There are 2 protein chains.
Amino acid sequence: MNSTRKLIRHERLQHILHDNPFMTDEQLAKTLKVSVQTIRLDRVALGIPELRERTRDMAEGAQSKLRAIDKKDIVGELIDLELNKVGISTLKITPDMVLEKTGVARGHYMFAMADTLALAVVDAQKALTGVGNVKYKVPVYAGANLVAKAEVTRRRNDKYFICVKIKNNNEEVFRAKFIIVSLDDERKQEE
Amino acid sequence: MNSTRKLIRHERLQHILHDNPFMTDEQLAKTLKVSVQTIRLDRVALGIPELRERTRDMAEGAQSKLRAIDKKDIVGELIDLELNKVGISTLKITPDMVLEKTGVARGHYMFAMADTLALAVVDAQKALTGVGNVKYKVPVYAGANLVAKAEVTRRRNDKYFICVKIKNNNEEVFRAKFIIVSLDDERKQEE
DNA sequence: TCAGATATTATGAGCTGGTACTAAAAGCAG
DNA sequence: CTGCTTTTAGTACCAGCTCATAATATCTGA
């Protein structure tokens with residue numbers, strides 16, 4: 001068939017635009033060694049908009065992405081909090097949080113979720129994680145809705161001992177113990 | 001002075017474009033009730049580029065942000081690796097990685113850096129973190145250039161014991177021990 | 001081998017959202 | 001009124017397209 005060349009070109013075109021979306025038809029024509037008109041026909045066939053539209057789409061998407069990052073900084077959604085006692089947060093595992101090779105959620109998301117929650121339950125203006133002790137019990141996959149529960153188990157001066165358990169569908173998938181150091185007062189922290 | 005009107009318009013213009021960067025000169029002219037030419041002169045005076053350039057700038061910024069996330073997924077840059085022995089990676093702490101309240105780097109960046117590196121040194125197609133044991137020794141602030149070194153200390157069947165130390169300017173700021181479980185085996189899942 | 005389909009290239013008009021430049025009109029201050 | 005700034009208007013030009021129309025190249029099956 002003649003159209004194999006066309007199909008290959010279509011794939012290459014998509015690939016090139018994926019890597020570098022800021023290419024004009026003219027540049028594409030040169031790199032693919034065809035005429036500009038062919039590129040245009042290809043774009044129409046593949047439903048790829050023109051450079052300006054692509055650029056605009058990206059710019060518009062940018063804003064929501066930036067907000068998504070901000071939210072990622074919270075690492076989970078706080079749904080209940082009793083200062084110095086307990087806290088509960090949730091986090092949905094999305095496909096971009098998993099390891100490509102295994103499909104399993106990257107461990108540091110659970111760690112970050114637990115760490116953030118642990119810091120939140122401490123009633124202190126400034127607090128730092130001192131020591132952590134974590135155990136991954138069950139692998140978590142994309143789509144999981146994790147629920148974390150943190151409990152302050154002990155408190156000694158400026159040190160808070162906190163136990164965090166993360167569950168997915170009532171199954172405990174992760175467990176951590178933290179020692180959080182409060183820096184609230186005039187007193188300095190030591191390691 | 002006559003130019004007060006101009007100054008007010010300039011401020012409004014910047015404000016409008018801040019809220020909605022996707023406005024053409026024509027739309028701006030209408031909302032500010034002046035001619036298109038006035039808008040152009042204002043843009044030149046204020047050093048504001050044309051719509052297309054603004055859009056492109058945002059899109060490019062978006063791309064680098066997205067790449068930043070991708071890179072965040074790597075969490076550090078691998079600079080040396082001897083499989084099943086040692087690995088070294090670096091990570092620069094940027095202002096967006098620190099807690100607002102304290103200016104101290106969020107703990108899970110160090111954890112993620114260490115965890116990622118630990119997984120990397122394990123010579124296995126698929127590996128998972130089983131247990132982690134971390135200690136934050138010194139707070140880290142924005143601008144720090146962290147260097148992590150991971151060493152496989154022991155190996156028992158499918159379990160790897162790994163010690164990771166993170167230094168900032170030769171000062172040890174973080175230390176972690178992981179047990180990584182390899183899922184490589186032929187008996188387990190395949191696809 | 002040759003007609004007909006498919007693929008590619010060429011050509012030209014028109015569009016958007018501008019830049020760059022020139023010039024004229026409007027507004028106001030002394 | 002004379003000068004000054006400010007604003008508006010108009011023209012030529014550009015990139016990067018769309019849309020339509022037509023010509024050429026290439027292949028394919030009967």
Side-chain angles (χ1 to χ4, degrees), chain A residues 1-69, chain B residues 1-71:
Chain A
M1 263 250 186
N2 188 13
S3 60
T4 40
R5 258 172 43 198
K6 190 163 154 182
L7 289 173
I8 291 169
R9 198 181 54 235
H10 281 192
E11 290 218 2
R12 283 192 64 195
L13 184 63
Q14 289 179 308
H15 194 256
I16 290 170
L17 282 179
H18 177 82
D19 287 353
N20 181 3
F22 300 108
M23 283 184 81
T24 64
D25 288 355
E26 209 161 339
Q27 294 174 309
L28 290 167
K30 248 175 216 165
T31 55
L32 288 177
K33 313 234 186 250
V34 288
S35 71
V36 176
Q37 285 73 12
T38 305
I39 295 293
R40 315 254 223 236
L41 285 172
D42 287 353
R43 274 200 301 102
V44 169
L46 294 169
I48 299 172
E50 62 165 296
L51 167 63
R52 286 159 183 164
E53 210 167 318
R54 293 197 300 271
T55 314
R56 211 188 51 218
D57 291 349
M58 292 185 60
E60 278 169 357
Q63 289 176 320
S64 56
K65 291 277 183 197
L66 291 181
R67 274 171 207 146
I69 297 170
Chain B
M1 266 255 194
N2 189 10
S3 62
T4 40
R5 258 173 41 200
K6 191 164 153 180
L7 288 174
I8 291 169
R9 199 182 54 236
H10 280 193
E11 290 218 3
R12 282 193 64 196
L13 183 63
Q14 288 180 308
H15 193 256
I16 291 169
L17 281 179
H18 178 81
D19 288 353
N20 182 4
F22 300 107
M23 284 183 80
T24 64
D25 288 356
E26 210 161 338
Q27 294 174 308
L28 290 167
K30 246 174 218 166
T31 54
L32 289 177
K33 310 226 187 263
V34 288
S35 72
V36 176
Q37 284 73 11
T38 304
I39 295 292
R40 315 254 223 235
L41 285 173
D42 287 354
R43 274 200 302 101
V44 169
L46 294 169
I48 299 172
E50 63 165 294
L51 166 64
R52 285 159 184 166
E53 210 167 319
R54 294 196 300 270
T55 314
R56 212 189 49 219
D57 290 349
M58 292 184 63
E60 276 170 358
Q63 244 200 349
S64 59
K65 292 277 183 196
L66 292 181
R67 295 238 168 92
I69 298 169
D70 289 347
K71 275 187 188 155

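Order of the sequence lines fixes the chain letters, A, B, ..., with proteins taken first and strands second; residue numbering starts at 1 for each chain. Fair warning: this is a prediction, and the values are worked out from it, not measured in the lab.
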- Tightest non-hydrogen contact, residues A/V36 and A/E26, listed as CG2-CA, 4.1 Å

- Query: How close or far is atom P of C/dA5 from atom NZ of A/K6, stated in whole angstroms?
  - Reply: 16 Å

- Task: Could you state the atom-to-atom distance from CG of B/L41 to P of D/dT5 in whole Å?
- Result: 14 Å

- Given atom CD of A/Q27 and atom C1' of D/dC17, what is their separation to the nearest angstrom? 14 Å

- Item | Non-hydrogen atoms of A/L51 and A/P21 that approach each other most closely | CD1-O, 3.8 Å

- For residues 36-47 of chain A, which residue pairs qualify under side-chain hydrogen bond (donor to acceptor under 3.5 Å, both in side chains), counting only residues two or more places apart or in two chains? A/R9-A/D42, A/H10-A/D42, A/D25-A/R40, A/D25-A/R43, A/S35-A/T38

- Indicate yes or no: at least one non-hydrogen side-chain atom of A/R52 is less than 4.5 angstrom from one of B/T55. no

- B/Q27 side chain vs B/T24 backbone, donor-acceptor pair below 3.5 Å: yes

- Query: Out of D/dT7, D/dG10, C/dT8, which nucleotide sits closest to the side chain of B/R5?
  - Reply: D/dT7

Would you tabulate the nitrogen or oxygen pairs shorter than 3.5 Å linking the protein to nucleotides 16-20 of chain C?
unit_1 : atom_1 : unit_2 : atom_2 : d
C/dT16 : O2     : B/R52  : NH2    : 2.6
C/dG17 : O4'    : B/R52  : NH2    : 2.9
C/dG17 : N2     : B/R52  : NH1    : 3.3
C/dG17 : N3     : B/R52  : NH1    : 3.0
C/dG17 : N3     : B/R52  : NH2    : 3.4
C/dG18 : OP1    : B/L51  : N      : 2.7
C/dG18 : OP2    : B/D25  : N      : 2.9
C/dT19 : OP1    : B/R43  : NH1    : 3.3
C/dT19 : OP1    : B/R43  : NH2    : 3.3
C/dT19 : OP2    : B/R43  : NH2    : 2.8

- So how far is it from B/R12 CZ to B/T31 OG1, rounded to the nearest 0.5 Å? 7.0 Å

- Send over the distance from A/E53 CD to D/dC17 C1', rounded to a whole Å. 11 Å

